Amino acid sequence: MTEEKKITRKKLKSAAAINKFMADYYYELSAASESGDPKIAWCTSVGPAEILRAMGYLVYFPETHSAMLGATRMATDLIPEANALGYSPDICSYLTADIGAFLKGVTPLAKIYEGITGIPKPDVLVFNTNQCRDVQDWFSWYGEKFNAPVLGVYTHRNVGNVSGALVSSIAKQMQDLTGSLERLSGRSLDLDKLKQVVALSRECSELWKKVLQTAASQPSPLTFFDATTLMGPAVVGRGTQKAVDVFKALLLELEQRIQNKEGAIEEEQFRIYWEGMPVWGRLRAHSELFAGLNANVLASTYCNSWIFSKLDPEDPFNSMAEAYTELFIVRSDAAKESYIRDMLDLYKIDGIIYHDAKTCPNNSNCRYGMPQRLEKQSGIPSLTIHGDLNDLRLLSDEQTKTNVEAFIEQLEESGK
Ligand code: SF4
């Protein structure tokens with residue numbers, strides 16, 4: 001079982017178009033940052049991007065930048081810079097790595113995209129606390145640095161039932177943002193334009209959902225590790241036609257793989273669900289570790305987080321409020337468990353990996369007995385690995401490898 005096996009990574013052709021999409025996105029932001037036109041809004045990854053886009057802002061997402069700091073393994077050395085300012089090593093390592101990078105004047109954008117020298121300057125920063133409180137602190141720090149206004153939507157968390165009253169209160173907050181955004185941009189919100197953007201965002205979301213659901217096929221044409229790098233347009237491009245176009249091509253390619261019975265890994269013996277954040281600096285190592293054990297990590301809560309099925313162009317504010325509140329991360333443990341049970345059925349899962357990310361309790365759902373409860377209900381075993389999204393000092397590669405190998409061996413012995 002532990003014998004090393006040579007792994008060939010199967011590339012998707014559509015990945016090139018997605019890389020080009022991301023390059024165009026960052027070059028457009030860079031040009032706007034230099035010229036001052038159009039204005040730039042920073043937004044949290046599950047914030048109200050549609051409103052910003054409909055009002056003519058280009059939208060920049062610092063979390064995606066921070067994930068790049070992780071994937072390029074720049075993050076770990078930058079985190080102490082933010083710690084020195086008083087941001088604890090125990091809080092979000094997206095925040096600490098990103099602020100650390102700014103203080104050191106470095107960015108992965110400059111390494112990847114020739115000619116880009118820095119992150120785009122914000123004219124306004126807009127957060128939603130639906131995911132965590134860290135984003136508010138993170139955006140407030142930059143707001144002060146750039147002397148730019150910081151606006152927020154305050155969403156309750158641990159939500160069981162997404163009630164009408166809750167949706168209305170969040171929709172009202174979203175509507176209230178528009179006054180400040182109009183004053184800043186000098187443009188009024190055009191409701192027809194907003195409906196158009198919400199329709200495109202919904203279409204992007206539906207395509208992304210279909211892309212992810214191709215993994216229900218046996219063998220799965222997609223891995224979680226591929227999906228973490230393919231999902232860029234769902235995060236930064238929702239509400240644009242270009243994002244819709246690249247996902248249509250990706251979906252076609254995956255459907256072709258299904259027709260050809262071509263799996264994403266050479267031999268798919270075990271089907272695994274990933275609960276929690278990726279370890280950005282170990283995407284390749286983890287993908288090879290699992291593939292080498294004939295285990296396909298093929299579905300995840302994380303990549304599903306950019307599916308916004310409730311968006312409705314005919315009712316933009318209420319539907320945005322509902323879509324951004326019914327998300328997994330916002331919900332109670334009971335709602336989360338019900339969601340994961342559905343995923344286990346849909347993807348015919350043999351085992352679950354929980355990633356306990358030290359600096360993100362919001363995406364670490366294994367700390368209050370959930371793995372044990374779900375195993376009791378579903379009979380599907382799980383393994384918790386300890387690590388972090390960005391801070392590589394918080395994980396042990398050896399320990400992870402040993403534990404994953406033992407877990408897959410256990411699945412094999414149980415006849416999965
Ligand atoms: S959800 Fe976690 S990783 Fe994301 S910004 Fe909040 S604390 Fe950071």
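All values derive from a computational prediction rather than experimental measurement. Atoms within a ligand are numbered from 1 in the order they appear, just like the ligands themselves.
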Spell out the protein N/O/S atoms under 2.8 Å from atom 6 (Fe) of ligand 1 as residue plus atom name. Cys132 SG
In terms of side-chain geometry, is the basic nitrogen of Asp137 or Arg133 positioned less than 4.0 Å from the acidic oxygen of its partner? yes
Check for me whether the distance between the ring centres of Trp42 and Phe61 falls short of 6.0 Å. no
Could you tell me if the ring centre of Tyr25 sits under 6.0 Å from that of Tyr113? no
Using a strict cut-off of less than 4.0 Å between a Lys/Arg side-chain nitrogen and an Asp/Glu carboxylate oxygen, indicate whether Lys358 and Asp90 qualify as a salt bridge. yes
Residue that, paired with Phe317, satisfies side chain to side chain contact (heavy atoms under 4.5 Å, CB included) out of Val167, Val198, Ile51, Ile170: Ile51
Answer with yes or no after comparing the ring centroid distance for Phe102 and Phe146 against a 6.0 Å cut-off, counting only values under it. yes
